[in-house]
Amino acid sequence: MPRAPRLRTVAGQAKQFAAATGTVNIPLQAYPSSAARPAAAVPSAMHISSIDPHTFVPMAPILADAIPQGPQWLHQLKWDGIRLIADCSLATKERSVKLYTKRMLDRTSSFAMIEQALAQLPALQGRSVILDGEAVVIDPRLHRPSFSLILQRQRSSAAKQNELAAQHRWPLSYVLFDLIALDGHDLRSLPYEARHQQLLNLFAQQAQDSSLSNTVSIQVADVYDDGQALWSWVKEHQWEGVVSKLRNAPYSSGKKHQASFKCKKELEIIALTYGLVMNEGRIASLILFTEEGSYLGRVSSGLHQQYRELLETWAQHQQHDTKEQLAKQISCPSNSLPQELRRLTIRWFHAPVPCLVSALERNESGLLRHPKLLALPYLPE
């Protein structure tokens, strides 16, 4: 059982990432820390003992084209990972930690390292807490969260067999941005500013404890007054986006609110196309994978006539006649074809072709949302 990790704030880690990339002056001012602001009173009338995954719906930010402006808004970095709701019952002998995705699917076993870290965290001992946050893996080269890497970790059979080895290769962090309940008190009716302050207070002592292990990093997300400055930092350092929240807004179910918005930078991904989907003898779309071998989906937008003619020429020289030949050449990086490809007519390449695609985001399955082809072949300078 690993020891509990030392808390590191988002702002502190963001500065470390900036320093690693040669940028140390970040024009950001985090909201005052817990030492500067009193805790809000916890309401006593509302109680919640644990989450009912059949009825609970996590609050979800609404996609927006611009950062909301005004002093009524607080802003946070958007972390590119997997949303996790942590239901921690550590006040009784029947101690437990349950981890749920934003669709309220139980993923406790998939994130055993986070479960163990929370169960051993000094700040949570003898308490019942419901936390809202994001599980992330930091790309060691790019110094930012990588959705591809956390999907690799989740899909790796080796990771399931050896959690410690997986943690060494894909180190998990759990970034906390909301507090739903504390010691049986339902905090959802409190303003966001007060809930965030309670979260800071809960982990304040841990932040000063330098003896804690860093096996899994448990962090409380900072909030910022200047959303535009944060957005500029996000664009400069190629992070995913910014989430903006009304200071006085309660925790609402799903998207039934006008209190939380996300502004996302459009993704640009270097992908590999391993083949063509054909429809009545015409190229319909390209099959895309990441450089690491994760399936991204298919792209047809941006596939103009010049690209079609070029691909047709390649396909004539590189086409596989059978799936057996494909398997022998290991042209497709997946051990088995994704389900959606199995009934399609596909021309596979002997060697993948690099391309540049854009997309709004990657969903929980790792597929691109609204992908568009930008360059083919993509030959970076």
Side-chain angles (χ1 to χ4, degrees), residues 4-14 30-34 37 39-40 42 48 51 56 58-61 74-90 97-102 107-108 111 113-125 127-138 145 150 171-183 185-188 190-209 212-224 239-240 242-245 249 251 260 262:
R6 181 184 180 188
L7 179 79
R8 292 181 294 165
T9 65
V10 175
Q13 193 167 39
Y31 197 72
S33 68
S34 57
R37 297 183 62 83
V42 178
I48 179 171
I51 284 181
F56 180 81
M59 188 172 183
L74 293 172
H75 312 274
Q76 293 177 327
L77 290 169
K78 189 177 189 310
W79 294 74
D80 198 4
I82 296 176
R83 181 83 172 271
L84 283 185
I85 309 295
D87 188 352
C88 308
S89 299
L90 304 175
V97 174
K98 293 289 186 181
L99 301 173
Y100 301 95
T101 67
K102 66 180 180 181
R107 291 292 181 265
T108 308
F111 292 96
M113 297 297 290
I114 292 179
E115 174 205 3
Q116 294 167 8
L118 289 171
Q120 296 299 309
L121 208 61
L124 303 185
Q125 300 311 300
R127 315 195 75 164
S128 62
V129 181
I130 301 177
L131 303 163
D132 195 347
E134 192 99 354
V136 299
V137 172
I138 303 298
I150 198 167
L172 277 173
S173 296
Y174 187 35
V175 182
L176 305 173
F177 42 74
D178 215 328
L179 182 61
I180 297 170
L182 178 62
D183 296 333
H185 299 290
D186 190 338
L187 305 185
R188 286 176 289 181
L190 286 179
Y192 174 69
E193 187 173 17
R195 299 196 310 275
H196 187 266
Q197 188 59 47
Q198 290 280 357
L199 189 60
L200 287 173
N201 292 347
L202 182 62
F203 289 93
Q205 183 176 357
Q206 183 194 343
Q208 302 170 6
D209 188 347
L212 297 176
S213 167
N214 283 316
T215 302
V216 173
S217 174
I218 309 291
Q219 310 175 32
V220 177
D222 281 336
V223 293
Y224 300 89
W239 278 50
E240 188 188 13
V242 171
V243 176
S244 303
K245 302 176 181 180
Y251 190 101
S260 180
K262 58 183 178 182

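Every heavy atom of this structure was used, including side-chain atoms; hydrogens, water molecules and symmetry mates were not.
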Just by modelled atom types, is the A194 backbone N or O under 3.5 Å from a matching donor or acceptor in the Q198 side chain? no

Exercise. Side chains of V216 and I218: closer than 4.5 Å at any heavy-atom pair?
Worked result: yes

**Asked** Going by heavy atoms in the side chains, are V97 and D87 under 4.5 Å from each other?
**Response** no

On a heavy-atom basis, the closest approach of Q125 and L121 is NE2-O, 2.7 Å

R107 meets the salt bridge (Lys or Arg N to Asp or Glu O under 4.0 Å) criterion, sequence neighbours left out, with none

In terms of heavy-atom contacts, E115 and L99 come closest through N-CD1, 3.9 Å

Find out whether L172 and I114 are in side-chain contact, i.e. whether some heavy atom of one side chain is under 4.5 Å from a heavy atom of the other. yes

In terms of heavy-atom contacts, L90 and L118 come closest through CD1-O, 3.7 Å

Of R83, K102, R195, the one forming a side-chain hydrogen bond (donor to acceptor under 3.5 Å, both in side chains) with D132 is R83

#### Entry: Min side-chain heavy-atom separation F203-L179 under 4.5 Å
no

Does some side-chain heavy atom of I130 sit less than 4.5 Å from a side-chain heavy atom of C88? no

Note: L199 and D178 closest approach over all heavy atoms is CD2-N, 3.7 Å

Quick one: do F177 and V223 satisfy side-chain contact (heavy atoms from CB on, under 4.5 Å)? Show the steps, please. CA-CA 9 Å; F177 42 74; V223 293; over 6 Å; no

For K78, the salt bridge (Lys or Arg N to Asp or Glu O under 4.0 Å) test, sequence neighbours excluded, returns E240

Shortest non-hydrogen pair, A221 vs H196, comes out as O-NE2, 2.7 Å

In terms of heavy-atom contacts, R127 and D183 come closest through NH2-OD2, 2.7 Å

Rounded to the nearest 0.5 Å, the NE2 atom of H75 sits from the OH atom of Y224 at a distance of 12.0 Å

When rounded to the nearest 0.5 Å, the distance separating OG of S244 from NZ of K262 is 12.5 Å

* Asked: Does Y174 reach the main-chain N or O of Q219 with its side chain, forming a donor-acceptor pair under 3.5 Å?
  -> no

ask   = Given the rule in the side-chain contact (heavy atoms from CB on, under 4.5 Å) test, do F111 and I150 qualify, once you have shown the distances and angles that lead to the verdict?
value = CA-CA 11 Å; F111 292 96; I150 198 167; 4.3 Å; yes

Those residues at least two apart in sequence (or on a different chain) that pass salt bridge (Lys or Arg N to Asp or Glu O under 4.0 Å) with E134 are none

Keeping Y100 on the side-chain end and T108 on the backbone end, is there a donor-acceptor pair under 3.5 Å? no

Check your understanding: Given side chains that start at C-beta, do those of K245 and V243 come closer than 4.5 Å, heavy atoms only?
Key -> yes

Taken to the nearest 0.5 Å, the spacing of L202 CG from L200 CG works out to 9.5 Å

Open item on the list: Over 60° means perpendicular and under 30° means parallel, so tell me whether W239 and W79 are parallel, tilted or perpendicular.
Closed with: perpendicular

Yes or no on side-chain contact (heavy atoms from CB on, under 4.5 Å) for I180 and L131, after CA distance, side-chain angles and deciding distance? CA-CA 6 Å; I180 297 170; L131 303 163; over 6 Å; no

CZ of F56 to CD1 of I51, rounded to nearest 0.5 Å, is 4.5 Å

One should read off an interatomic distance between Q76 CD and S260 OG, to the nearest 0.5 angstrom, of 8.5 Å

